[in-house]
Amino acid sequence: MQENYDHAAVERAAQEYWQETRTFEVREDASRPKFYCLSMLPYPSGRLHMGHVRNYTIGDVLARFMRMQGHNVLQPMGWDAFGLPAENAAITNGVPPAKWTRQNIAYMRGQMQSLGFAIDWSRELATCDPSYYHWNQWLFLRMLERGIAYRKTGVVNWDPVDQTVLANEQVIDGRGWRTGAPVEKREIPTYYLNITRYADELLGALDELRGWPERVRVMQANWIGRSEGCEIEFPYAPDARAAAGAGGTLKVFTTRADTLFGATFMAIAAEHPLASAAAKTNPALSSFIAECRRGSIMEADLATQEKKGMPTGLHVLHPFTGAPLPVWVANYVLMGYGEGAVMGVPAHDERDFEFAHSNALPVVTVVRSASGAYDEVRAPWIPAYAEVGLTVNSGAFSGLTFQAAVDAIAAALGKQNLGRKRVHYRLRDWGISRQRYWGCPIPIIHCERCGQVPVPDSQLPVVLPEELVPDGSGNPLAKSPAFYECQCPQCGGSARRETDTMDTFVDSSWYFLRYACADAARTMVDSRVGYWLPVDQYIGGIEHAILHLLYSRFWTRVMRDMDLVKLSEPFAKLLTQGMVLNDIYSDQPAGARKRYFNPADVDVRRGADGAEVYEVTTAEGTLTVQHEGLGKMSKSEGNGVDPEGLIERFGADTARLFTMFASPPEQTLEWSDEGVQGASRFIKRLWHAVHEHALAGAAPPLERAALNDAQRELRRTAHQTLAKATDDIGRRRNFNTAIAAVMELLNAIGRFADASPQGRAVRHEALEIATLVLAPITPHVCHALWQGLGHTTALVDERWPVADSQALAQQAVEIVLQVNGKLRGRISVPVNCDEAVVRAAALADEHVRKFVADQPVRRVIYVPGKLVNVVV
RNA sequence: GCCCGAGUGGCGGAAUUGGUAGACGCAGCGGACUCAAAAUCCGCCGCCGUUAAAAGCGUGUCGGUUCGACUCCGACCUCGGGCACCA
C-alpha cells in the first residue's frame with residue numbers, strides 16, 4: 001500500500017478490476033433475492049451536472065449496499081434522447097440533433113464511468129434508437145385499436161410571426177421567445193391517450209404505495225382531483241335556441257348542486273360553441289373572444305390573469321324555476337375543463353362573487369350558515385360564505401343539509417332528464433402530439449380516401465430521418481417530402497405521413513421495462529420483466545413527482561391490460577431527491593434577450609452603500625449583473641456546476657462523498673464549493689490511518705473477553721457506527737448521518753493510541769468496519785484500503801457485516817435531570833437501574849435541589865433510560 | 001392564483017417515536033511543526049454575561065396544546081418545486 005493517496009491511480013485500478021471481471025453485468029438468478037435499483041434516465045444535454053451526480057450516486061450507494069446484503073442487483077442506465085434542447089442546439093450551431101445527441105451521450109457515458117457507478121452497461125439504451133421507439137409506435141397502434149389513443153382538437157401556443165407552435169418553455173412573458181410576438185391560442189388536431197379512463201385506479205392505488213413519499217402521493221391525488229358532484233343541464237331560452245339554430249341545453253358540472261337556486265348567471269369559455277354562435281351577430285363579443293385568444297395556454301398565466309367577462313345576450317332557463325339566466329363569456333372558464341361552462345352562484349363561490357360584483361349581477365343567498373357567521377351574503381367576501389349549511393330560498397328544497405339537498409336536487413333533475421350525479425376528475429387526457437422534429441414519429445398515414453390509417457406493423461418502425469436541421473420556423477418533417485410522401489396502406493393511393501412526433505414523456509413511460517430485456521429484438525418486452533420488475537428502488541428529482549410518474553403508472557396499466565406485463569405499479573419504492581440549487585445571475589440589456597451567467601464567473605463585492613454588487617468580466621469589459629436568487633441548476637439559467645473539474649482535482653470518491661454528505665437526499669442542496677476540501681481531507685485521513693496500521697504488520701486475532709476498558713470502548717464505537725450506518729442507509733436513506741458516524745469513528749481511532757497486540761486487533765476491526773461501511777459511498781478508495789488491510793478478495797464481493805450485540809452492551813447510562821422541563825443536571829446510573837432509585841437520586845441531586853428549593857414537588861416524570869423531570 | 005415542500009450558529013446540516021438543541025463537516029481564531037509557506041496535528045468556536053462560573057436568551061413570526069415543543073395544532077411571512085408542449 002502506497003503511503004500517499006493517489007486518487008487517479010486508485011480509481012483507475014478499481015474501475016479496471018470491475019470492468020475486467022464484469023462485476024455489474026447481471027442475469028436472472030432464482031437463488032438470490034433480486035434488487036432492481038433505478039435512477040431516472042438523464043437527458044443527454046452535453047455534460048453531467050451536479051443533479052446527475054447526486055441522483056446517480058444515491059442510486060449507486062443503494063445498489064452497492066444491497067449487493068453487499070446478498071441481493072442480485074440490477075442497475076441499468078439509458079438516455080432520454082429526444083427533446084427540444086437538441087433542436088435548439090441545432091438552430092444555434094447547425095448540427096443535426098441526432099449527431100449532437102449521440103456526441104453528448106458518448107461524452108456523458110465517459111463521465112459516468114469515471115464516477116465508478118455499478119452499472120450494467122450491457123443493457124444501455126437510448127430512446128432515439130429505432131430499436132427502442134419502434135415499440136412506442138407499436139404500442140400506440142395497439143392503444144388506437146382499443147380506443148385508448150384517439151384524435152381530437154387541442155389548444156396550443158401559436159407564434160403568429162413564425163407560424164409555429166411554441167412549447168410553454170418558449171413563451172416568455174406571453175411572447176414568442178424568438179420573435180417577441182404576443183402568442184395566441186390555436187386549436188389543432190392532436191392525439192390523446194385516455195389516461196382519465198384509469199383515473200380512479202391510479203388514485204385508489206396510491207394508498208398502497210407505502211414505499212412512496214407521502215408528499216408525492218398527495219400531489220398525485222390532488223392532480224387527479226376526483227370530485228363528486230352533479231352534471232346539470234340548463235335548457236336554452238328562445239334567444240339561445242335562435243342563435244344556436246336548434247334547441248339544446250347548456251351543460252355544467254358542479255360540486256355544489258345545493259346552491260342551484262342561487263345561480264344568477266352562466267359563464268362559458270370563449271371557445272364554447274354557444275359563444276361562437278352569439279358572436280356571429282355581436283361584434284363586441286366577437287372582439288372580446290378574440291381578446292381571450294391572446295396569451296399562452298399555461299395554467300399559471302390563466303389563473304393569475306384579470307377576470308373578465310362579457311354578456312352574450314343569450315339566456316338559458318333554470319331547470320326548476322324556469323327563470324331566464326344570462327349567459328356570459330368569461331376568460332377564467334376553460335374549454336378544456338369539464339364542459340367549458342359553469343353556473344355562477346355569487347353568494348357561495350368566491351370567484352363568482354367577484355365576477356358578479358364587477359359586472360353588477362344579482363347575489364342570492366341560498367345557504368344559511370351552520371356557524372351563524374352571516375345572515376345574508378353581502379360584500380366584502382368572507383370564507384364562511386362558501387361553507388356548507390342548510391338550504392334556504394330554494395323552493396321545495398329549502399331546509400336541507402348539504403348532502404340531503406344534493407341528493408334531492410339530483411333526483412329531481414334526473415326525473416326531468418336535466419341532470420345526474422357524476423364524478424369529475426381534474427386530470428385531463430394526455431395530449432401526445434408535438435409539432436416537432438426530434439421525437440418519435442406517430443405511425444399514422446393520412447389518406448384523402450381512407451382517412452386516418454395506421455402504419456401496418458410490418459412497416460414499423462417509422463424511422464425518423466436523422467440528417468435534418470431545424471431552423472426554428474416549424475417542424476422540418478412537414479417540409480420534407482421524402483418523409484411525408486407515402487402510399488396509403490389501404491388503397492395504395494398517394495397519402496401524407498403524419499409529421500407530428502410524440503411527447504418525450506412517452507419514451508420515459510416504459511424504459512424501465514425494457515432494461516429487463518434490452519436485447520429483445522422481436523418483442524417489446526419478454527418474460528424477464530417478470531423476474532426484475534417492479535423496480536425496487538426508483539430515484540429521481542422531485543420535479544418529476546407528478547407527470548413522469550403518473551404517465552409511467554398509466555402506461556404500465558395499459559400494458560397490463562394487454563397482457564404484456566403482469567404488474568400494475570412499476571415502482572415499489574421511490575426516493576425523490578431534492579434539487580441542486582445555485583444562484584442565478586442575469587443581465588437584461590435594453591431591447592435584447594436576457595443573458596445568464598454562471599455563478600463561478602460572478603464576483604461578489606460590497607458597493608459604496610454596503611449592498612452586494614455582482615460583476616462579471618467579459619470580453620467587452622466588466623458588467624454588473626442581477627442576482628435573481630436561487631434556482632435549480634439548469635442549462636437555460638446557466639447556473640450549473642461542472643463535476644468534471646471536481647473529479648479531476650479530487651477524484652470521484654471525493655465528489656461522491658461530498659454530494660452524499662452535504663445534505664439528506666430528499667432535501668434541496670444549495671451548492672457551495674467549500675466543503676469539498678473537507679471530504680477530500682477525510683479520505684486522506686482514512687488512508688493514512690490504514691497505511692500506518694498496516695505498516696506495523698498483520699494484527700493478531702481479536703480476543704473479545706480479554707479487552708481493557710479503552711479497547712472495549714473503541715469496539716463499542718465501531719459497532720455502534722456499523723449499526724447506525726446500516727439503519728441510516730438501509731432504512732432511513734440518510735447518507736449524511738451515516739458518513740458523520742464514520743467520521744466520528746475515525747476520530748475515535750485517531751485518539752486510540754494503543755499499540756499492544758489486542759489494541760491493534762481492535763483497531764484492525766474498527767478500520768475494517770469503516771472501510772466496509774464506506775464501500776458503497778467511496779468504492780474506489782475502499783477497494784484499495786481493503787487490500788491494504790491484508791485481504792486478497794475484492795471488497796465489492798464482501799458481505800455487509802452485522803453489529804455484535806455484545807460489543808454494543810453498556811454498563812451505565814446517563815440520565816438527564818430537569819426541573820419544570822429545564823435541564824438542570826445529569827447523573828449516571830447502571831443500566832436497568834430500579835425506577836425508585838433513579839427518582840430518589842434525581843431528587844437528591846444538588847442542582848435539582850437548588851432549583852426546587854423549598855417549593856413542594858407536584859409531580860415527578862420518569863422516562864426510562866432518558867430523563868427525570870421534577871415539576872414544582 | 002392553485003397543489004406540495006422547506007425555514008435551526010458565520011455556512012451545509014444533526015436531534016429517527018413530544019424528552020440533553022447545535023452531532024459531523026466547512027469557514028474563522030489561537031497554538032505546534034517549518035527558514036518560510038503549503039500540508040498535517042492539537043485547542044477554541046450560538047447569543048448575552050462573567051476573572052471564571054452561574055443565571056438568562058435562542059430552532060422564520062405570532063398565538064395555542066403539554067410536566068416538557070425544532071418536533072403537534074392555528075394564523076401569517078419568506079424561499080424552493082409543480083401547474084399538463086422543458087426534461
Side-chain angles (χ1 to χ4, degrees), chain A residues 40 42-43 45 80 83-85 88 154 156-157 165-171 190 213-216 218-219 221-223 225 297-305 332 336 351 426-436 503-505 508 541-548 550-551 576 578-579 581 629-632 634-636 658 661-664 666-672 674-679 681-682 684-685 688 724 727-728 731-732 734 736-737 739-744 747 750 814-823 826 850 858-861 863 866-867 869-872:
Chain A
M40 289 180 187
Y43 178 79
S45 54
D80 189 16
L84 203 52
N88 295 343
V156 293
N157 300 306
V165 176
L166 297 176
N168 280 341
E169 194 190 47
Q170 299 171 315
V171 179
T190 299
E214 178 67 15
R215 63 165 155 161
V216 175
V218 169
M219 279 193 263
N222 290 337
W223 186 261
I297 59 166
M298 276 181 268
E299 195 190 304
D301 290 349
L302 297 168
T304 50
Q305 72 187 355
Y332 65 85
R351 201 172 50 180
R426 207 188 73 95
L427 180 68
R428 309 198 296 262
D429 275 347
W430 175 13
I432 59 158
S433 296
R434 297 292 180 271
Q435 297 66 44
R436 262 186 271 293
D503 180 4
T504 57
F505 273 123
S508 56
I542 184 67
E543 70 273 23
H544 295 293
I546 296 175
L547 293 178
H548 162 61
L550 194 63
Y551 291 148
T576 47
M579 323 268 310
L581 308 181
L630 284 171
K632 76 166 166 177
S634 74
K635 210 158 200 194
S636 57
F658 174 68
F661 182 61
S663 69
E666 305 229 296
Q667 263 180 48
T668 55
L669 190 157
E670 290 169 29
W671 185 257
S672 112
E674 297 131 14
V676 176
Q677 292 278 359
R681 201 143 51 208
F682 169 70
K684 283 184 197 157
R685 283 179 58 212
H688 285 126
K724 176 163 176 59
D727 187 51
D728 282 350
R731 180 182 62 91
R732 299 175 66 206
N734 269 15
N736 54 332
T737 49
I739 294 165
V742 181
M743 286 174 169
E744 287 184 75
N747 290 342
E814 188 183 77
I815 299 287
V816 165
L817 306 179
Q818 297 182 337
V819 177
N820 286 345
K822 289 201 175 196
L823 175 71
R826 301 179 159 101
K850 189 171 134 199
R858 298 216 318 260
R859 270 172 83 180
V860 177
I861 287 152
V863 181
K866 283 233 170 93
L867 64 77
N869 185 14
V870 179
V871 185
V872 295

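Each chain gets a letter, A, B and so on, in the order its sequence line appears, and its residues count up from 1.
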Across all strands shown, which nucleotide pairs with [N] by Watson-Crick or G-U wobble geometry, both distances under 3.5 Å?
N	answer
A75(B)	U61(B)
A38(B)	none
A55(B)	none
A15(B)	none
G1(B)	C83(B)

Between [options], which one does the side chain of [X] approach most closely?
X	options	result
Gln435(A)	G81(B), G25(B), C85(B)	C85(B)
Leu867(A)	G19(B), C86(B), G82(B)	G19(B)
Val156(A)	C3(B), G13(B), C85(B)	C85(B)
Phe661(A)	C85(B), C24(B), C4(B)	C24(B)
Asp728(A)	G81(B), U16(B), A87(B)	U16(B)
Val863(A)	U20(B), G19(B), G13(B)	G19(B)
Leu427(A)	A84(B), U20(B), G13(B)	A84(B)

- Which residue lies more 5' along RNA chain B, comparing Lys684(A) with Ala303(A) via nearest heavy atoms: Ala303(A)

- Query: Starting at the 5' end of RNA chain B, which residue's closest nucleotide do you reach first, Ile297(A) or Gly675(A)?
  - Reply: Gly675(A)

Does the side chain of [X] get closer than 4.0 angstrom to OP1 or OP2 of [N] through an N or O atom?
X	N	result
Arg732(A)	A15(B)	yes
Arg426(A)	C3(B)	no
Asn168(A)	C83(B)	no
Arg434(A)	C85(B)	yes
Thr504(A)	A87(B)	yes
Asn736(A)	C24(B)	no

Value in whole Å for how far the [atom2] atom of [N] lies from [atom1] of [X]:
X	N	atom1	atom2	value
Glu744(A)	G22(B)	CD	C1'	13 Å
Glu666(A)	C4(B)	CD	P	17 Å
Arg215(A)	G80(B)	CZ	C1'	10 Å
Asn222(A)	C3(B)	CG	C1'	5 Å
His548(A)	C86(B)	NE2	P	16 Å
Glu169(A)	A84(B)	CD	P	12 Å
His544(A)	G81(B)	NE2	P	13 Å
Leu547(A)	C3(B)	CG	P	18 Å

If I pick the [atom1] atom on [M] and the same atom on [N], what distance separates them, to the nearest angstrom?
N	M	atom1	value
G58(B)	C2(B)	C1'	36 Å
A21(B)	G5(B)	P	28 Å
G64(B)	A87(B)	C1'	44 Å
U59(B)	G13(B)	C1'	13 Å
G19(B)	A69(B)	P	11 Å
A39(B)	U16(B)	C1'	38 Å
A23(B)	C79(B)	C1'	26 Å
C42(B)	G25(B)	P	11 Å

Have a look at [X] and say if it touches a base, only the backbone sugar-phosphate, or nothing, with a 4.0 Å heavy-atom cut-off.
X	answer
Phe682(A)	nothing
Lys724(A)	base
Ala662(A)	sugar-phosphate
Arg436(A)	base
Trp430(A)	nothing
Glu814(A)	base
Val676(A)	nothing

- Item | Check: U16(B) base within 3.5 Å donor-acceptor of Arg731(A) side chain | yes

- Item | Donor-acceptor pair (no angle test) under 3.5 Å: Gln170(A) side chain, C86(B) base | no

Could you check whether any side-chain heavy atom of [X] comes within less than 4.5 Å of a side-chain heavy atom of [Y], counting everything from C-beta outward?
X	Y	value
Asn736(A)	Gln667(A)	no
Leu427(A)	Trp223(A)	yes
Met219(A)	Leu550(A)	no

- Message: Walk me through whether Ile739(A) and Asp728(A) qualify under side-chain contact (heavy atoms from CB on, under 4.5 Å).
- Response: CA-CA 9 Å; Ile739(A) 294 165; Asp728(A) 282 350; over 6 Å; no

- Note on the structure: Hits for salt bridge (charged side-chain N to carboxylate O under 4.0 Å, His left out) against Arg858(A), two or more places apart or cross-chain, chain-then-number order -> none

- What pair of heavy atoms forms the shortest contact from Gly83(A) to Tyr43(A), and how long is it? O-OH, 3.9 Å

- Message: I need the minimum non-hydrogen distance between Glu666(A) and Pro213(A), along with the two atoms involved.
- Response: OE2-CG, 4.1 Å

- Got a donor-acceptor contact below 3.5 angstrom from the Asn869(A) side chain to the Ile861(A) backbone? no

- Item | Donor-acceptor contact present, side-chain Asn734(A) to main-chain Pro664(A), <3.5 Å | no

- Message: As a quick check of understanding, evaluate side-chain contact (heavy atoms from CB on, under 4.5 Å) for Asn747(A) and Arg685(A), giving each step before the final call.
- Response: CA-CA 10 Å; Asn747(A) 290 342; Arg685(A) 283 179 58 212; 2.8 Å; yes

- Looking at the angle O4'-C1'-N9-C4 for a purine or O4'-C1'-N1-C2 for a pyrimidine, is G9(B) syn or anti, with syn meaning within 90° of 0? syn

- Message: Which label fits Trp430(A) and Tyr551(A): parallel for a plane angle under 30°, tilted from 30 to 60°, or perpendicular past 60°?
- Response: parallel

- Can you name the residues that form a side chain to side chain donor-acceptor pair (under 3.5 Å) with Arg681(A), not counting sequence neighbours? none

- Note on the structure: Contact string for nucleotides 66-77 of chain B, one letter per nucleotide 5' to 3', B = base within protein heavy-atom range under 4.0 Å, S = sugar-phosphate only, - = neither, reads -BS---------

